[in-house]
Structures are given as C-alpha cells and as structure tokens.
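Below is one structure, written out as structure tokens; the observations come after it.
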2 protein chains.
Amino acid sequence: MIFSKRCLHALRAVLYVGTQPPERDYIPIREISTKLDIPFHFLTKILKDLADQGFIESSRGAAGGIRLAKPTAELNVKEIIESIEGEDYFSGCILGFSKCDAANPCALHDRWVAIKEEIQKMLGEEHLESLSTRIQEQGLRLLEM
Amino acid sequence: MIFSKRCLHALRAVLYVGTQPPERDYIPIREISTKLDIPFHFLTKILKDLADQGFIESSRGAAGGIRLAKPTAELNVKEIIESIEGEDYFSGCILGFSKCDAANPCALHDRWVAIKEEIQKMLGEEHLESLSTRIQEQGLRLLEM
DNA sequence: TTTAATTAAGACAAAAAGGTCTGATTTAGA
DNA sequence: TCTAAATCAGACCTTTTTGTCTTAATTAAA
Ligand code: FES
Ligand code: FES
C-alpha cells in the first residue's frame, strides 16, 4: 500500500493539526511545513484541496492558517485518502482490470476482495480522534520521516 | 493497492505465457503485446527486466520470444511484484515513515501490520500455477483491461 | 548464404507527479 | 490607515513513469 506523497503529506499535516492544543485556533501552514519537513508551497496546494473538500478551513492574513473543519471524530482516514487518491482507490482490481467485478473476476479476485474489505474496514474505523489520541498518549512518531 | 503499469503489464504477460499450451516454446513478445494490448516496446523492456531477474528466458531471432524460466509452481507472485516495485514494497510504513518499526510505530502501525502480513501471506502463496489453473479452468479474464 | 522474424539497446518524447517561485489578496493588529 | 503575516493563484521547473522510434544483433529456416 503505497500512498502518493500528496496523500502522506496531507495525512501527516492533519494529524499535526489534530494533535495541537485545543486552545490554538488557526495553525500557519509554514509551521506545519517546517515541523514536518514538507515543502511549503506544495503543502499549501495540498491543503487547499483538503479545504475545498471540506476537511479543513483556512483563513488568510495575520493570525491565519488552517484548522479542522469538523470534530476529529468525524474526520475519517479513509475519506481523506480517497479524496486524494480517488474514490475507487480501495475498490479497484488488484490486477488492474477496469473494474473489480465478482461476475467477471480476475485470478486473484476472491483472495483480494477478502483483504481489501479488511483494509476498508480498518481505515473506515480510524479517524483523526483515534489517531491523535494514540499519538499523544503513546508518544508515537509524527515529526520525522 | 495500486501497482504500477510496469507491474501490471509484467503480471499479465507472465500469466499469458503461463496459460499457453505446453507444447508452445518461445512466445513472441509481439503476440503478447497484441493480445493484451500492451505497448510493444514498453513490454519488451519490462520483460527484459524479468529475464534479467531470472523469471523468464528470451531468445532472439526467428521462432524467438520468451518462455518461463522455471516451473509455474516456482514463479511466485509476491517475488515478481517485489522485483518490480522494490523489495520493501510490502513491508513499508503505511504513513510513509522511513521504516515500519514496532519499536517506533506510527499511529496506524498495529492495525496495518496485521493486514500487510495477510497480504504478504496471500501473495506469497500464489504462484503462476495457481493463477493459470484458475484462469484456464474457470475462464477468468486476462485479455481485456 | 540469404532472408525474415525476432529480441536488445538506447535515444527520444509525452504525461504525471512532485516541487519552486513570484505576486496578488486578505486579515489582525499596531 | 498602515503594516506584517498569512493564504491563494498560477506560471514554471524537475523528476519519474510511461511510451515511441530507430537501429543493431541474433536466430531459424528457406
Ligand atoms: S476482479 Fe481483480 S480483484 Fe476483483
Ligand atoms: S510504523 Fe507505520 S505501519 Fe509500522
């Protein structure tokens, strides 16, 4: 499971925001870029897309930046990934056929479907709250790559 | 799980060869290219790599082409994929950290490790024989994309 | 020995992904 | 009202991936 750089940058950025003290409002993108070592202008574009998708909100000007647009419990990991990699990222055929179709399966279909359902279940259950809590309580890695 | 075009072309090509009648020796790349609708010269390069890796053998000249270098039961799907996507394709961190490390886990580590072990187990069990048999006996799709 | 069929090699091009830069716009606060 | 700090917009560049083209080398068979 190799996500694109865009996707990894996006996930790490929202995790960074999600683990900030609640009294903070907008977080400057420059801060996220520096802390996570993500190219600033590239990150700006990625976050603009996330804002357009409704995951985060942004504010220009002094004291501006980004903040989460919903409670962390409602920011689902699978949804964020799919908004970047494409809606059918987790539903496609593992051998690359046009559509994963039980009525016209490929040679790995049965075995793959079982696994990809687990992946979707797992990522569908995880949201920014569960991840942020784990990061904070267990001191999990987020800053270094 | 999105494999690169290189990888998908490679898998489909060896599956095509593996499902040919046993009396056929070398299969021309042009035939594979046409049947599977894969760009000929691109496929040539991909198959050259597979030949260098020892999965297939090639012969130039008239009556030339490629054939499998080992019995189908010894041509493992995971190995083929890893030879193209990289040895650590299935072992990396889902959040893109430098190394998936239980001693320094990311926020999805525990959940992801369980799934990726299943993926590795599944692909490690599948080989050209199991896939070819399924394709032939059940008439599974291989030609169209 | 010639010819046709084939892979090998490598230059090149096109498309996609990743990244940089400059300037415009917006905002809070001095 | 001015200024500094920030996002937004879009042109541009670089790298990787994907694909094309031409030519050389090899092989079987006429
Ligand atoms: S058809 Fe290939 S995975 Fe379902
Ligand atoms: S450290 Fe991220 S999956 Fe293991």
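Naming: A, B, ... by sequence-line order, numbering from 1 per chain.
Rounded to an integer number of Å, the gap from L8(B) CG to dT17(D) P is 14 Å. Straight-line distance from the CZ atom of R12(A) to the P atom of dG18(C): 15 Å, rounded to whole Å. Straight-line distance from the NZ atom of K5(B) to the P atom of dT20(D): 11 Å, rounded to whole Å. For the pair F42(B) CZ and dA15(C) C1', the interatomic distance rounds to 12 Å; values are reported in whole Å. In this structure, I2(A) atom CD1 and dT16(D) atom P are separated by 16 Å, rounded to whole Å. Distance CZ (F40(A)) to C1' (dC8(D)): 10 Å, rounded to an integer number of Å. Between the P atom of dG19(D) and the CG atom of L36(B) lies a distance of 14 Å, rounded to the nearest Å. Between D25(B) atom CG and dT27(D) atom P the separation is 14 Å, expressed in whole Å.
A donor N or O paired with an acceptor N or O is found under 3.5 Å between the base of dT22(D) and the side-chain atoms of H41(B).
A salt bridge does not link D49(A) with K45(A): none of the charged nitrogens is closer than 4.0 Å to a carboxylate oxygen. In this structure, E125(A) pairs ionically with R111(B), as a charged nitrogen and a carboxylate oxygen lie closer than 4.0 Å. Comment: K121(A) does not engage E117(A) in a salt bridge, judged by the lack of any side-chain N to carboxylate O separation of less than 4.0 angstrom.
Side chain of K116(A) to main chain of S91(A): a donor-acceptor pair is present (N/O by atom type, distance under 3.5 Å, no hydrogens or angles).
Side-chain N/O atoms of Y26(B) and E57(B) include no donor and acceptor closer than 3.5 Å. Judged by distance alone, the side chains of R134(B) and Q138(B) never bring a donor and an acceptor atom under 3.5 Å apart.
For K5(B), the NZ atom is loosely surrounded, since the number of other residues' heavy atoms within 6.0 Å does not exceed 12.
The 5' end of DNA chain C is approached more closely, in terms of each residue's nearest nucleotide, by G65(B) than by the other of S4(A) and G65(B).
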N/O-N/O pairs, protein side and nucleotides 3-5 of chain D side, under 3.5 Å:
residue: dA5(D); atom: N3; partner: A62(A); partner atom: N; Å: 3.2

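Of the side-chain N and O atoms in S58(A), one or more sit less than 4.0 angstrom from OP1 or OP2 of dC8(D).
Ring geometry, F42(A) versus H9(A): the interplanar angle exceeds 60°, so the pair is classed perpendicular (tilted spans 30 to 60°).
In this structure E129(A) satisfies the side-chain contact (heavy atoms from CB on, under 4.5 Å) test together with T72(A), A73(A), H127(A), T133(A), sequence neighbours excluded.
Residue I29(A) is in sugar-phosphate contact alone, with no base atom involved, counting any heavy-atom pair closer than 4.0 Å across all strands shown.
With distances taken from any side-chain atom of P39(B) to the nucleotides dT7(C), dG19(D), dT7(D), the minimum falls on dG19(D).
Contacts with DNA chain C (heavy atom under 4.0 Å) in residues 43-55 of chain B: K45(B), K48(B), listed by number.
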